[in-house]
Amino acid sequence: MFFFKELEKTIQLHPSYFGPLIRSHIHRELLTKEEGSSTGKFTIVCILDNFEISDGQVMAGSGSAEYTVHYKAIVWRPYKGEVVDGVVTSVMRSGFFVDCGSLQAFVGRNMIPGEIKFDANATPPQWTDNGDQIIEKNTNIRIKLMGLRSEVDKMYAIGTMKEDYLGPLQQ
Amino acid sequence: MKIRSPPGLHYPITVVDLAQKRDDEVQRSSPLFNYYYETIVTEGDKYGDVKDVKKRFPARFDSSADGVITKWFIKKGTVIQHPGVDIIEIEEPCTHEIQFGSLCANCGKDMTEVDYLTEERNVDRATINMTHDNVALLVSQKEAVRAEEDAKRRLLGAKKLSLIVDLDQTVIHTTCERTIAEWQADPHNPNFEAVKDVRSFQLADDNVAHVAANWYYVKMRPGLKEFFDEVSSMYEMHIYTMATRAYAQEVAKIIDPDRKYFGDRILSRDENYTDKLKSLHRLFPTNTDMVVIIDDRADIWHYSDNLIRVPVFNFFPGAGDINASFLPKQQELVTSTSKSVLPEPVFTKAGLGDEGETARPLSVATKPTEPAPLDISNGALTELQQDLLQMGGGDNPEILEQQVKEQERVIITQQTERPLLQKQLLLDQEDDAAEDEEENSEAAENGETQTTEHHRHRHSLLHDDDRGLEVIEENLRRVHRAFYDEYQKKRVGPQGGRIAELRGEKSPKKRVLEDFVPDVKILMPRIKQQVLGGCTVVFSGIIPLGMDVQASDFALWVKSFGADVSLNVNRQTTHVIANPDRKTTKVKKAARYSHIKIVNAEWMFQCCTRWVHVDESPYLIEIDPAERGGSPFEDLEDDDIGATGDEDGDEPQLSPLDMSNMSDEKWQSLGDEIDDFLNESDDTEDNSNSDSESVRSDSSAQTESKRPKRKRKRGTASIDGSETEDSDASANSTSKLQRRKKRTLERVTSLTNVVSADKSSGLPSPETTGPEEEQGDDDGKYADPAGDAADAAGDESDYDDGLEAEMLAEFERSASEEEA
């Protein structure tokens, strides 16, 4: 689910950037470092333009300046039970992996409907019901998140396809 | 799941009542039964008296698992005395066999949770990783076995085996040098032909080199596509490399654009957990019966029985393996030259003249003691690669850091110093110098490099003539055939069972798959053992001093082919693998034993890569009879040599090329004679031993030498002939050391000649025995006094009185001669 969230970030700037363009340097730093990053709870999708920069403070010893930036961002936080779309990245006998943006989810064998079987001899290997449902690498797919666990900068999810309207999306 | 009485309760405990019945569904942490325990507590009363009282406390036992109760092991009134007693069996709805990022893939529960009931963490139920491209997906032992059974059935059905393919220097060779791109763009460059199919790529997240836009140039081993086409029909292939995932994937795109050979079966350093080793169990955790590996290094596989070690593919000289800085230091520097995979001696030598020359000036400065010129890749070993090899393994982050830096440095050096370009320039200069010798250079080219232009001779640095894949393919075919032959044989077995069935016996149970699936780990060594079986090999001048010979890479390698490795030359020795540049004491000693073949390391490479006992003759090291003219036994020798060879007069001038000029029949006859001789070696062995013994031992021992003299007639002539024919090129060199070496060697060769001379004249001539014996004596003593003593003692047994008298007489005469 997407949220609108106020965040704060401390940015250190090398003295060579000190000058009239300091604001744009900080902005760029913020965008490159923060956008797309995952905190383990949510992913920062997009940083909005109006942000506040505190007064810089030169750090003893290094000469770098430290700025605290307050900004607003659109973040995405997955929840258990949420239905998400993703792209299949890897297919194997025990299931397949789906990339849902920053979240990597695994759909295990038991989470795949019984009529869809694994075909190891196909190239590339695929899960298929020998009809129109084919799950191979790069298939777009809709899954429901069954479990979530977050580590420091990573999230893991378990997905399922065993419900209505879940499965490969028709291109 | 079976729940047992946990540690940490007040045993003994007595069950009061069971809270749940059989087939009841229980939730985790719901009560299973009530119990009481007794313990002694200290109580105080209002008067301040303290006394110990035995008291009974009620307590509750909670379930540590969800599920349905299938069996109670206790009943009301049971006393549980100690931890570990079975209490209850609960069938769980999910056993968490597959876990992804510590989440159960089947129920989505978090496996890392730990509470007061946790005895064994759920994450420990699945600890095996058998996916190529992910480290977060783990499965349980049971699941792993199941998956492998599936895979096995599938492979057997398709008549395939699994093949693990290494990338760097096995199927491809990569360099970072920009020069390649320039050569590719220039059709007039001598290397154009060789590099025109080199593919290049950049890595997006290249944090290895901080130099912008680092290009990798990948040369596929010649014939790679055909190789994959052929092999993929027999094997299901996996990539297993020590490079990063991004690199592996880029390379896979190049070698397998349609993803039909490898699919997603790519395992890289990122998923390997360790930088030091490759492990079969990473991919095949429970069963490696049907797995074959091809890799150019055996040490990182711990010399696994599944490994087919392949000749190194070294296309860009000096580039080495850019991903090897994380690996443990390679033990040896000598690697097989790709060129000499072809057995023709002419060709090998020609290649040497060409390449060895050019590579030398570069490496001499950094590596004065390079072991062998026979080896191109070795000769071309630069300081850079040397450094690369120096880096050992270690687990601490500092070393890792250092290794990363080192790899960076290697890449940067390749980018900035461009060793290939330098080498080519050097080569061009030499070509210019040698232009007038057009004829010779033409011969040296030997039609192998297509770049000879007639208006201007420019040699190419790179040679696109590697044939390693053909050899590998042949080996893979053999293994595959052997495996499925045996499989068929075993599978047909049950038909005997059918007869039994017809006889009215109970039909045999369907046999388990394991029963008739052969094991590559047994099969392959069996094939390999035959190659050098019965050979006893001594290394000389090959393995660096101070290294445990038996544990060295080469020794392990030849041992895996059935050969024995011994430290010293002795009766059992059949081959001495020596450095042709250095005449070590072992070589000298072996030279006296005519049945011992003294070969260069190339012979070993050939045997071990082609899996055949190749004919030694092209690889024999010439035992140098240089300066023979000064020897007093010239005449006698000549007589002797006349039987087989005829190059008595101009022997010292012989170049190594002359050996190859010998006609095929000559080789043939030589080989036959050697064979004959070897067949009789059982009895001749002693003789030749005592033979040489006699001349270097004191006068008493000397007398024994008559018996051998008689017998030797059989084979020595030919051996001597071959040895003299193979006279060494080093005769031309002039260094003092060299001359001294020659002199020592001369002793050796003339030694054998002396004996044959005796034979030819029927009587030992006085001139010969005298000086010979003394020289030999010195020789033998510093070579191996202990061995001599033992030999002498052994020979004492066949003491011959008449002989002794005769020999003594001879000795006295010769001694007086010498004094005079």
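Per chain, numbering begins at 1; letters A, B, ... match sequence-line order.
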Taking the side chain as C-beta and beyond, is there a heavy-atom pair between A/I22 and A/L13 under 4.5 Å? yes
What part of A/L145 lies closer than 4.5 angstrom to a heavy atom of chain B: side chain, backbone, both or neither? neither
Donor-acceptor pair, B/N306 side chain versus B/I293 backbone, under 3.5 Å? no
Measuring heavy-atom distances to chain A, does B/C107 have an atom under 4.5 Å in its side chain, in its backbone, in both, or in neither? backbone
Could you go through A/F97 and B/F100, starting from their C-alpha distance and side-chain angles, then the distance that decides it, and tell me whether this counts as ring-ring contact (aromatic ring centres under 6.0 Å, His included)? CA-CA 10 Å; A/F97 288 99; B/F100 171 63; 5.3 Å; yes
Please report all inter-chain donor-acceptor pairs (under 3.5 Å) between chain B and chain A, with distances to 0.1 Å.
unit_1: B/G101; atom_1: O; unit_2: A/R149; atom_2: NE; d: 2.6
unit_1: B/G101; atom_1: O; unit_2: A/R149; atom_2: NH2; d: 3.2
unit_1: B/N106; atom_1: OD1; unit_2: A/N110; atom_2: ND2; d: 3.2
unit_1: B/D133; atom_1: OD2; unit_2: A/S90; atom_2: OG; d: 2.9
unit_1: B/E143; atom_1: OE2; unit_2: A/R109; atom_2: NH1; d: 3.3
unit_1: B/E143; atom_1: OE2; unit_2: A/R109; atom_2: NH2; d: 3.0
unit_1: B/D150; atom_1: OD2; unit_2: A/R93; atom_2: NE; d: 3.0
unit_1: B/D150; atom_1: OD2; unit_2: A/R93; atom_2: NH2; d: 3.1

Is B/D166 reaching over with its side chain to a backbone N or O of B/I294, donor-acceptor style, under 3.5 angstrom? no
Heavy-atom distance under 4.5 Å between the side chains of A/P113 and A/M161, does that happen here? yes
How are the rings of B/H480 and B/Y484 set to each other: parallel, tilted or perpendicular (split at 30° and 60°)? tilted
Are B/L137 and A/F106 packed together at the side-chain level, in the sense that at least one heavy-atom pair is separated by less than 4.5 angstrom? yes
Segment of B/L103 engaging chain A (4.5 angstrom heavy-atom cut-off): both
Do A/I44 and A/L7 come within less than 4.5 Å of each other through their side chains, counting heavy atoms only? yes
Between B/G263, B/A151, B/C104, who has the most heavy-atom pairs with chain A when the cutoff is under 4.5 Å? B/C104
